[in-house]
2 protein chains.
Amino acid sequence: MEELHRSGCPINLTLEILGDRWSLIVIRDIMFGNRRHFRELLQNSQERIASNILADRLRRLVDRGLLTREDDPTHKQKAIYSLTEMAIDLVPLLAQMGAWGRKHLPVSEELSIRAELLENGGQALWNDFMEELRAKHLGKQLPPGTPSVLAGLTKAYLDVLAKKAGCSVLAENDTGAPAGHQGQKYGENAV
Amino acid sequence: MEELHRSGCPINLTLEILGDRWSLIVIRDIMFGNRRHFRELLQNSQERIASNILADRLRRLVDRGLLTREDDPTHKQKAIYSLTEMAIDLVPLLAQMGAWGRKHLPVSEELSIRAELLENGGQALWNDFMEELRAKHLGKQLPPGTPSVLAGLTKAYLDVLAKKAGCSVLAENDTGAPAGHQGQKYGENAV
DNA sequence: CCAAACTGATTGCGTTTTGCAAGCAGTTGA
DNA sequence: TCAACTGCTTGCAAAACGCAATCAGTTTGG
């Protein structure tokens with residue numbers, strides 16, 4: 001019988017799985033960047049993850065039940081990585097991490113807009129986003145006509161990018177409405 | 001000019017500070033265990049942190065603005081470590097980590113009771129707890145008569161311990177009221 | 001039909017971090 | 001005076017990390 005865990009504390013057990021500098025980066029990219037293949041994760045990585053580290057983390061996350069790996073029917077060599085319910089449940093944690101980082105660390109504007117929207121949307125937005133992830137990764141059916149949270153986040157990100165670029169070229173990207181706002185469905189900082 | 005950060009993403013920047021297996025354990029013990037001295041952190045550590053790792057983490061956390069270190073006036077060699085506002089702001093993150101661990105990992109009953117209370121208390125309880133931490137670590141004044149959140153969490157922990165011990169000796173620790181409940185101030189799973 | 005590009009990785013190798021045990025100089029309290 | 005306590009440091013082996021190059025099989029474009 002081997003010593004499996006340092007302690008039974010929930011925070012410690014969570015750290016034993018997620019307590020390194022790459023695991024949550026990989027999950028973030030799959031979750032918010034919709035990267036489902038090895039090369040997508042490797043080449044679009046903002047933080048330039050090394051391929052051996054990526055391979056190791058994907059293996060570990062599959063082992064530990066946060067990801068599943070399946071063959072891509074369109075390509076005999078391709079693997080598709082999907083989030084499990086366990087990983088989808090990390091949405092509130094990632095939202096809190098983003099909020100804390102935004103408040104205390106030197107974040108860049110374009111990369112923090114999604115964190116800001118997620119923070120302001122509160123639990124209601126997180127729940128909608130998690131339902132969307134369940135549809136995308138677990139095959140769960142979604143009510144038709146459901147607006148995509150991820151699309152909203154991505155649009156806001158691109159709008160900031162365009163605006164920043166526009167400052168030095170042409171400021172022509174304003175649509176009139178503030179980026180990312182979708183009516184009044186989600187409260188600002190709901191408690 | 002050196003490369004300081006892998007990217008400006010809030011989640012990444014947070015991981016650059018907290019993304020290891022010990023930093024949040026140290027903060028947890030100072031925050032919930034009220035350990036303020038090196039030896040307290042070393043010897044009461046559930047996870048048996050090594051002294052060189054502890055020394056390194058304390059130094060790093062002070063460097064990065066999460067802790068302060070000051071001399072203890074009662075002992076020329078003693079150092080007192082205190083949380084900064086930056087660290088106190090981690091309460092919601094730690095609460096989410098605890099909630100996730102409780103849901104998905106093999107936590108022990110006595111070590112997860114505090115996480116459960118913190119989760120059920122929601123933002124309102126977190127705010128009260130943070131105010132209490134500001135009083136303890138930053139010298140902020142608290143309205144007189146304020147009940148201690150930490151005391152409630154600790155009592156619940158000890159009650160579970162006593163009940164577990166009592167099962168094999170004498171089951172005499174029940175007070176009638178469920179452990180940790182303090183009237184109806186904090187909602188269950190408020191959204 | 002063949003070469004180029006793409007697929008998910010693996011290998012080699014040097015550096016950094018971790019983990020464990022022991023030790024240390026100064027301080028305190030009995 | 002002396003044992004216990006204070007915040008660490010040191011030495012050393014093992015593991016993890018990070019980088020660059022590479023690999024074999026698959027698909028695609030000409």
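The sequence lines fix the lettering, A, B, ..., with proteins before strands; numbering per chain opens at 1. Just so you know, these numbers come straight off a predicted model, no measurement behind them. Keep in mind that the numbers below use all heavy atoms, side chains included, and drop hydrogens, waters and symmetry copies.
Using a 4.0 Å cut-off, no side-chain N or O of W22(A) falls inside it from OP1 or OP2 of dA16(D). For R59(B) and dT9(D), the shortest distance from a side-chain N or O to OP1 or OP2 is below 4.0 Å. Considering only side-chain N and O atoms, R21(B) lies under 4.0 angstrom from the phosphate OP1 or OP2 of dG19(C). Look at R69(A) and you'll find a side-chain N or O under 4.0 angstrom from OP1 or OP2 of dA9(C).
Going from atom CG of L66(B) over to atom CZ of R60(B) covers 10.5 Å, rounded to the nearest 0.5 Å.
Heavy atoms of other residues, nucleotides or ligands lying less than 6.0 angstrom from CD of Q141(A) number 12 at most.
Evaluation of atom-type donor-acceptor distances gives no pair under 3.5 Å for the side chain of Q77(B) against the base of dT27(C).
Side-chain atoms of E16(B) never come within 3.5 Å of backbone atoms of H5(B) as a donor-acceptor pair (strictly under, hydrogens ignored).
Counting to the nearest Å, the P atom of dT27(D) and the NZ atom of K78(A) are 10 Å from each other. As rounded to whole Å, 10 Å separates atom P of dC8(D) from atom CG of D71(B). Rounded to an integer number of Å, the gap from CZ of R39(A) to P of dA5(C) is 13 Å.
Among the protein residues, N52(A) comes within range of the nucleic acid bases, having at least one heavy atom under 4.0 Å from a base atom. At the heavy-atom level, R57(B) lies under 4.0 Å from the strands shown only through sugar-phosphate atoms.
In this structure, the nucleotide among dT26(D), dC8(D), dG8(C) sitting nearest to the side chain of F38(A) is dG8(C). In this structure, the nucleotide among dC17(D), dT18(C), dT7(C) sitting nearest to the side chain of D20(B) is dT18(C). Here dC17(D) is the nucleotide among dG19(C), dG8(C), dC17(D) with the atom lying nearest to any side-chain atom of R60(A).
Two residues are said to be in side-chain contact when any heavy atoms from C-beta on lie closer than 4.5 Å; W100(A) and L18(B) meet this criterion.
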